[in-house]
Amino acid sequence: MAYWLMKSEPDVYPIDHLRSQKRKTDYWDGIRNYQARNFMRDQMRKGDLAFFYHSNCAEPAVVGIMEIACAAYPDHTAFNSNEKYFDAKSDPDNPRWLMVDVRFKKKFKNPVTLQSIKAQKKLGDMRLVQRGNRLSILPVAALEWRHIVKMAGES
DNA sequence: GCCAACGTTGGC
DNA sequence: GCCAACGTTGGC
């Protein structure tokens, strides 16, 4: 089983929105970056766990945990010109973009801020705090996962 | 709002 | 295939 970090802007889709969904499950659309897509396509599996990360906001932070609810499948929002992430080049017969379903697991009482992550020397190797950290889906090492869960006080 | 660090596009 | 121009991300 693998661990991930997935970014979402709280102004667009906060963790509470995922929790409020039917069966606390929703599709994770709008990934329009090949590297992130390849992570989903090649490495992400049903049952993997992912941090829900609030990005591009006043206090960027890991705010909770979700579970990957199914393997990657075509992102249908790419086919709809009314959608924000419409991509005319994604052919329904040969979809360019993929998405997965995610299920809410837990919201941290104490979010683990980017600031506090940066302050942890042990987490200095995390992709989140290194260059090339703009990917909206990042792999997380098991040690890093446990460290952050502990920082959240969730053991 | 600024800007660094990318990724993508398209002319050549 | 190169690379300049442009667009996006996301912390600050």
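Order of the sequence lines sets the chain letters (A, B, ...), proteins ahead of strands, with each chain counted from 1. For clarity, every value in this text was computed on a predicted model and none was experimentally measured. Below, each value reflects all heavy atoms present in this structure, side chains not excepted, and no hydrogens, waters or symmetry copies.
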Check the distance between B:dA4's P and A:R131's CZ and give it to me in whole angstrom. 12 Å
Length of the CG-C1' vector between A:L5 and C:dG10, whole Å: 13 Å
Taking only Lys NZ, Arg NE, NH1 and NH2, and the carboxylate oxygens of Asp or Glu, determine whether A:R45 and A:D48 approach each other closer than 4.0 Å. no
Reckon A:E9 touches a base, only the sugar-phosphate, or nothing at all at heavy-atom distances under 4.0 Å? nothing
Separation of B:dT8 C1' from A:Y85 OH (nearest whole Å): 16 Å
Whole angstrom value for the distance that separates C1' of B:dA5 from CZ of A:R127: 14 Å
Would you say the side chains of A:D26 and A:Y13 form a donor-acceptor pair under 3.5 Å? yes
Any A:F39 side-chain heavy atom under 4.5 Å of A:W4 side chain: yes
Can you see if the side chain of A:K89 gets near the phosphate of B:dT9 - specifically, an N or O under 4.0 Å from OP1 or OP2? yes
State whether A:K7 places a side-chain N or O below 4.0 Å from either non-bridging phosphate oxygen (OP1 or OP2) of C:dG10. yes
Rounding to an integer number of Å, can you tell me how far A:Q115 CD sits from C:dG11 P? 12 Å
Picking from C:dG11, B:dT9, B:dT8, the nucleotide nearest the side-chain atoms of A:Y34 would be B:dT8
Protein-nucleotide distance (A:L138, atom CG; C:dG10, atom C1'), rounded to Å: 12 Å
Figure out the CG/P separation between A:L135 and C:dG11, and round it to whole Å. 13 Å
Under 3.5 Å side-chain donor-acceptor pair for A:D75 and A:Y27: no
With the side chain defined as heavy atoms from C-beta on, A:L114 is closest, among B:dC6, C:dC12, C:dG10, to C:dC12
What is the distance, rounded to the nearest whole Å, between atom CG of A:N133 and atom C1' of C:dT9? 9 Å
Start with the C-alpha gap between A:R32 and A:T77, add the side-chain angles, then the distance that decides, and say whether side chain to side chain donor-acceptor pair (under 3.5 Å) holds. CA-CA 11 Å; A:R32 299 290 180 269; A:T77 67; 3.1 Å; yes
Polar pair under 3.5 Å, donor/acceptor by atom type, side chain A:R134, base C:dT8: yes
